[in-house]
**Q** 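Quick one: structure below, then a few questions.
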Number of protein chains: 2
Amino acid sequence: MVKAVQQRTLKTRAKLLDAAQAVISESGYEAMRVEEVVLRAGVAKGTFFAHFKDKDALMDQLIGAEIDRYLDGIEALPAPKTISEMSEAMMPLITFMTCERYVFDVILRHSGAAANADIGPIAMTFGRHAEVVTKWLWDQPFRKDIPAELQAEGVQAFMVQAISLMFCSLHNSIAPHERLETYLTAWLMPAT
Amino acid sequence: MVKAVQQRTLKTRAKLLDAAQAVISESGYEAMRVEEVVLRAGVAKGTFFAHFKDKDALMDQLIGAEIDRYLDGIEALPAPKTISEMSEAMMPLITFMTCERYVFDVILRHSGAAANADIGPIAMTFGRHAEVVTKWLWDQPFRKDIPAELQAEGVQAFMVQAISLMFCSLHNSIAPHERLETYLTAWLMPAT
DNA sequence: CATCTAAATTGACCGTGGTCAATATTGGAG
DNA sequence: CTCCAATATTGACCACGGTCAATTTAGATG
């Protein structure tokens with residue numbers, strides 16, 4: 001017989017998530033230490049790893065949840081009619097993704113999928129983001145020679161590229177917003 | 001007076017690099033342990049960190065050197081005349097970049113520039129790669145509405161995207177070569 | 001209620017990257 | 001050659017993520 005999940009399991013997990021969120025609110029993602037989290041949650045270190053495969057898995061969950069919140073905001077917006085509007089709509093999400101170098105690294109690591117083949121929260125948000133962009137492109141005056149899904153993949157590729165260059169000392173003179181617009185214009189409205 | 005770099009400094013660094021390369025040849029990049037390297041080099045652990053800021057800096061150097069070797073090969077090639085040829089020309093490099101998930105992660109982390117603002121070997125190779133691609137695009141029958149430099153940036157963005165999806169369980173059914181061709185065709189030869 | 005098993009929790013322990021005050025070595029100046 | 005200061009090396013030590021055998025607890029069953 002398979003026993004149901006015990007009550008305390010949910011409680012402990014919630015305590016861990018709350019503690020982690022508290023630490024992050026105070027000191028940022030990079031500063032989060034597993035020891036600090038279990039201390040605040042009032043559990044042993046081993047318990048942490050009984051609930052999360054590793055520290056990265058917790059980050060995946062927390063950052064994924066945050067991205068989802070931004071996607072909620074993006075989805076509530078009307079479909080952008082211009083490249084500029086599209087870029088602007090994506091900026092709050094991009095701002096979060098770049099709040100810390102560490103956060104961006106975690107996102108990149110999980111954006112495809114974990115090496116171990118199962119899709120985590122962040123990977124899910126990339127799927128969702130592609131869907132949102134695809135919907136945007138449905139009835140817009142952009143290029144029609146390639147499917148909207150492919151266009152959306154390109155939008156993601158350029159979003160990542162624009163963010164990467166934000167952290168690059170050679171290229172951080174241009175505003176991210178402008179760079180993204182340049183990319184998206186060239187990608188979505190080619191003038192050949 | 002500034003004293004010149006001592007002889008032993010060069011010797012020790014060479015010993016460390018050789019030892020690291022040997023470990024990697026035997027067991028791969030991810031399996032490399034600093035302790036193993038200093039053991040083989042016959043120096044103390046502290047010496048390692050006197051020569052390299054951290055383990056990542058050594059990886060940056062070794063992987064950057066390897067990428068440079070592939071770029072040498074790419075530069076020796078005649079400029080590709082079709083998307084297919086271009087994709088093919090980039091495949092050896094891509095194959096190396098994806099030889100280990102860990103290697104790709106290191107490359108991504110360093111592709112822009114280190115957080116601490118100085119450009120490392122891998123970041124340099126990305127600059128060089130962009131130059132090579134820009135030269136390729138100079139006299140090709142691709143789009144002319146945007147500068148070659150911007151096209152080259154896009155080629156890099158799509159290369160990274162194609163590689164990322166190779167590690168993604170949802171998308172690894174399509175051959176990388178084909179995916180990259182699809183991206184590059186849509187990017188370099190829009191048919192609007 | 002007492003019993004029993006699967007599930008959850010514990011914390012001592014480990015592996016490995018990284019630090020730093022103490023020590024040893026180099027190589028130029030006198 | 002001797003002296004000396006700049007430079008390189010050392011290794012004990014720390015930080016922190018992660019493991020696992022032992023222990024405790026939940027909650028179903030009779």
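To find a chain, count down the sequence lines: A is the first, B the second, and so on, and within it residues start at 1.
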**Q** In residues 40-49 of chain B, which ones come under 4.0 Å of DNA chain C, going by heavy atoms?
**A**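 Within this stretch, B:Lys45, B:Gly46, B:Phe49 sit under 4.0 Å of the strand.
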**Q** Whole angstroms only, please: what is the CG-C1' distance between B:Leu10 and C:dT26?
**A**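 That distance rounds to 13 Å.
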**Q** Rounded to whole angstrom units, what separation is found between the NZ atom of A:Lys55 and the P atom of D:dA15?
**A**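 About 15 Å, once rounded to whole Å.
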**Q** Rounding to a whole Å, what distance do you find between A:Phe52:CZ and C:dA8:P?
**A**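 In whole Å, C:dA8 P and A:Phe52 CZ are 13 Å from each other.
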**Q** Go through the structure and list residues passing ring-ring contact (aromatic ring centres under 6.0 Å, His included) with B:Phe142, not counting sequence neighbours.
**A** none
**Q** Whole angstroms only, please: what is the CZ-P distance between B:Arg8 and C:dT26?
**A** 5 Å
**Q** I want to verify a distance call: between D:dG17, C:dG18, C:dA7, whose nearest atom is closest to the A:Val34 side chain?
**A** D:dG17
**Q** Hey, is the main chain of B:Gln161 close enough, under 3.5 Å, to the side chain of A:Glu153 for a donor-acceptor pair?
**A**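 Such a contact is absent between A:Glu153 side chain and B:Gln161 backbone.
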**Q** Round to a whole Å and report the spacing from CD of A:Glu35 to C1' of D:dC14.
**A**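 Those two atoms, CD and C1', are 12 Å apart.
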**Q** Using atom NZ of A:Lys53 as one end and atom P of D:dG17 as the other, report the distance to the nearest whole Å.
**A**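 In whole Å, D:dG17 P and A:Lys53 NZ are 15 Å from each other.
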**Q** Could you tell me how far apart A:Leu39 (CG) and D:dA15 (C1') are, to the nearest whole angstrom?
**A**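 Atom CG in A:Leu39 sits about 15 Å away from atom C1' in D:dA15.
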**Q** Which nucleotide wins on minimum distance to the side chain of B:Gln6, given the candidates D:dA8, D:dG27, C:dT9?
**A**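 For B:Gln6, the side-chain atoms sit closest to D:dA8.
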**Q** Indicate whether OP1 or OP2 belonging to C:dT16 is found under 4.0 Å from a side-chain N or O atom of B:Arg33.
**A** yes
**Q** For B:Lys45, what residues pass the side-chain hydrogen bond (donor to acceptor under 3.5 Å, both in side chains) criterion, not counting sequence neighbours?
**A** B:Glu35
**Q** Apply salt bridge (Lys or Arg N to Asp or Glu O under 4.0 Å) to A:Arg128 and list each qualifying residue two or more places apart in sequence or on a separate chain.
**A**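 For A:Arg128, the residues satisfying salt bridge (Lys or Arg N to Asp or Glu O under 4.0 Å) (neighbours in sequence not counted) are A:Asp68, A:Asp72, A:Glu75.
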**Q** Which sits closer to the 5' end of DNA chain C, B:Asp56 or A:Thr9, going by the nucleotide each is nearest to?
**A** A:Thr9
**Q** Check every atom of D:dG27, D:dA26, D:dG18 against the side chain of A:Gln7 and return the nucleotide holding the closest atom.
**A**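 Looking only at side-chain atoms, A:Gln7 lies closest to D:dG27.
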**Q** Looking at C:dT9, I'd like to know if its phosphate oxygens (OP1 or OP2) sit under 4.0 Å from a side-chain N or O belonging to A:Thr12.
**A**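 For C:dT9, OP1/OP2 do have a side-chain N/O of A:Thr12 under 4.0 Å.
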**Q** Using the side-chain hydrogen bond (donor to acceptor under 3.5 Å, both in side chains) rule, collect all pairs that involve residues 24-34 of chain B, keeping only residues at least two apart or in two chains.
**A** B:Glu26-B:Arg40
**Q** Just the rounded figure in Å: distance from P of C:dG18 to CE of B:Met32.
**A** 10 Å
**Q** Using only side-chain N and O atoms of B:His51, determine if any of them is under 4.0 Å from OP1 or OP2 of D:dA8.
**A** no
**Q** Check step by step if side-chain contact (heavy atoms from CB on, under 4.5 Å) holds for B:Phe49 and B:Val34.
**A** CA-CA 9 Å; B:Phe49 293 98; B:Val34 172; 4.0 Å; yes
**Q** May I have all residue pairs that pass salt bridge (charged side-chain N to carboxylate O under 4.0 Å, His left out) and include part of residues 84-100 of chain B, sequence neighbours excluded?
**A**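 For residues 84-100 of chain B, and leaving out neighbouring residues, there are no salt bridge (charged side-chain N to carboxylate O under 4.0 Å, His left out) pairs at all.
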